[in-house]
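What follows is a set of notes on a single structure, which appears directly below.
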Amino acid sequence: MRLDLRGPVPTPERNPDYRALGVATEDGQAHAYAAASADCAAELLQHHSAPERVLTELSAVLASASWSLAFQHKHVEILTAMKDAQAKMPSQANEIWVSIIGELEARAPRGDR
């Protein structure tokens with residue numbers, strides 16, 4: 001997941017770089033790479049001064065995003081990777097990370113959770 005570590009609320013419209021690791025596509029769809037996105041996000045947030053703020057912003061972006069076809073097909077692997085990356089999350093961001101996982105699981109197609 002690509003996180004804007006510099007300042008304003010990251011949105012695909014205002015910061016195309018926010019899409020680079022997969023949080024959202026150009027058209028605002030949720031997208032991630034199971035092999036890298038969650039782990040990279042956790043490592044980046046370890047060095048951020050306000051990781052809880054970044055994840056709160058990410059949660060808002062994901063709440064209104066539809067799921068890309070790739071995300072729909074790989075959501076089980078992505079959610080597993082997010083759970084695995086939880087151990088790397090800074091303690092002050094952990095609760096929000098778990099909440100994001102729960103929100104995505106709640107939106108998952110039935111039978112695939």
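Every heavy atom of this structure was used, including side-chain atoms; hydrogens, water molecules and symmetry mates were not. Owing to the predicted nature of the structure, the values given are computational and were not obtained by experimental measurement.
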* **Heavy-atom pair with the smallest gap, counting every atom of Pro51 and Ala93** => CB-CB, 3.8 Å
* Asked: Taking C-beta and beyond as the side chain, do Thr80 and Lys83 meet within less than 4.5 Å on heavy atoms?
  -> no
* Structure fact -> Of all heavy-atom pairs linking Met89 and Ala41, the shortest is CE-C, 4.3 Å
* Asked: Which pair of heavy atoms, one from Ser66 and one from Arg107, lies closest together, and at what distance?
  -> CA-NH2, 4.1 Å
* With sequence neighbours left out, write down each residue that passes salt bridge (charged side-chain N to carboxylate O under 4.0 Å, His left out) with Glu43, or none if nothing qualifies. => Lys88
* Structure fact -> In terms of heavy-atom contacts, Leu104 and Leu62 come closest through CD1-CD1, 4.5 Å
* Please check if the side chain of Trp67 supplies one atom and the backbone of Ala108 the other of a donor-acceptor pair under 3.5 Å. => no
* **Sequence-distant partners of Glu77, salt bridge (charged side-chain N to carboxylate O under 4.0 Å, His left out), two or more places apart** => Lys74
* **Separation between CD1 of Ile96 and OG of Ser59, rounded to the nearest 0.5 Å** => 8.0 Å
* To do: Return the set of residues passing side-chain contact (heavy atoms from CB on, under 4.5 Å) with Ala50 (not counting sequence neighbours), or none when no residue passes.
  => His48, Glu52, Arg53
* salt bridge (charged side-chain N to carboxylate O under 4.0 Å, His left out): pairs with one or both residues in residues 93-103, sequence neighbours excluded -> none
* **Gap separating the NE2 atom of His73 from the CD1 atom of Ile78, nearest 0.5 angstrom** => 11.0 Å
* Structure fact -> Contacts satisfying salt bridge (charged side-chain N to carboxylate O under 4.0 Å, His left out) that involve residues 58-68 (not counting sequence neighbours) are none
* Taking all non-hydrogen atoms of both residues into account, name the closest pair between Leu55 and Ile100 and its distance. => O-CD1, 3.6 Å
